[in-house]
Amino acid sequence: MQLALGLTVWIVWFIVKYGALAFFCEQVPPPIEQGAFTWINTTLLIGSVAVTGLLLFWANNCWRAARSGNNGADSEINAFIAGLGAGVNLLGAVVTLSQGLMSLLLPPCL
């Protein structure tokens, strides 16, 4: 479940971020002289940090599950899936944070 959930959250965040950015830049664009420090960028940065935190939390949980070990018959498969889930969530967190940090550098409506 963590394999699909982490990717789904990241994809939904990506769609919401760029959809909201396009909508607000069309409807209420901030003045260009304001630079990167606008309410749109602040909102996008806060959302990116929140999604990054959620993905890191899930990555940590998956990593712990992979490390906990289990002597069951299919423990290697479960450990592999948990490790893969940790990697997917960690990758999603890195990408989300890197996109969110762009809000500090670029004006929202170029």
Side-chain angles (χ1 to χ4, degrees):
M1 173 136 175
Q2 281 295 318
L3 293 175
L5 189 60
L7 283 176
T8 302
V9 165
W10 180 75
I11 289 169
V12 168
W13 169 243
F14 191 80
I15 292 169
V16 167
K17 178 183 176 181
Y18 284 105
L21 183 65
F23 176 78
F24 288 118
C25 282
E26 180 68 27
Q27 297 298 317
V28 283
I32 195 75
E33 356 5 279
Q34 199 170 359
F37 300 104
T38 63
W39 66 271
I40 293 175
N41 276 357
T42 303
T43 305
L44 292 176
L45 182 62
I46 290 171
S48 294
V49 169
V51 171
T52 299
L54 180 65
L55 291 171
L56 286 175
F57 175 73
W58 286 341
N60 185 34
N61 283 348
C62 286
W63 183 253
R64 286 177 156 187
R67 289 293 190 182
S68 67
N70 193 340
N71 291 333
D74 54 355
S75 65
E76 287 185 24
I77 294 172
N78 290 338
F80 174 74
I81 291 174
L84 186 61
V88 166
N89 286 317
L90 184 62
L91 183 63
V94 168
V95 170
T96 302
L97 186 62
S98 66
Q99 288 179 348
L101 291 178
M102 293 299 240
S103 301
L104 294 174
L105 302 174
L106 299 173
C109 306
L110 291 177

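- Shown here for I40 and L21, the closest heavy-atom pair between the two residues is CG2-CD1, 3.7 Å.
- At least one side-chain heavy atom of W39 sits less than 4.5 Å from a side-chain heavy atom of V28.
- F37 and L106 sit in two unconnected hydrophobic clusters of ILVMFWY residues. Membership requires side-chain heavy atoms under 4.5 Å apart, directly or through other members.
- Criterion: ILVMFWY side-chain heavy atoms under 4.5 Å apart, direct or through other members. Under it, L91 and L7 are not part of a common hydrophobic cluster.
- Considering all non-hydrogen atoms of both residues, S98 and V95 come closest at OG-O, 2.8 Å.
- Between the side chain of Q99 and the backbone N or O of M102, no donor-acceptor pair lies under 3.5 Å.
- In this structure, CG in L104 is found 8.5 Å from OG1 in T42, a value given to the nearest 0.5 Å.
- The heavy-atom pair separating A82 from C62 by the smallest distance is O-CB, 3.3 Å.
- The CG atom of N89 lies 9.5 Å from the CG atom of L84; values are rounded to the nearest 0.5 Å.
- Counting only heavy atoms from C-beta outward, the side chains of L90 and W63 never approach each other to under 4.5 Å.
- Taken together through direct or relayed side-chain contacts under 4.5 Å among Ile, Leu, Val, Met, Phe, Trp and Tyr, F57 and V94 form parts of separate hydrophobic clusters.
- For I77, the CD1 atom is loosely surrounded, since the number of other residues' heavy atoms within 6.0 Å does not exceed 12.
- Transitive grouping of hydrophobic side chains (ILVMFWY, heavy atoms separated by less than 4.5 Å) keeps L105 and L97 in distinct clusters.
- Between L44 and P108, every side-chain heavy-atom pair lies at or beyond the 4.5 Å cut-off.
- Proximity of T96 to W10: side-chain heavy atoms (C-beta onward) are separated by under 4.5 Å at one or more points.
- Residue L5 is grouped with residue W13 when hydrophobic side chains (ILVMFWY) are merged at heavy-atom distances under 4.5 angstrom, including chains of intermediate members.
- Residues L55 and G6 approach most closely at CD2-O, 3.8 Å, considering heavy atoms.
- Scanning all heavy atoms of the two residues, the minimum distance from S48 to G100 falls at OG-CA, 3.4 Å.
- Rounded to the nearest 0.5 angstrom, T43 OG1 and K17 NZ are separated by 12.0 Å.
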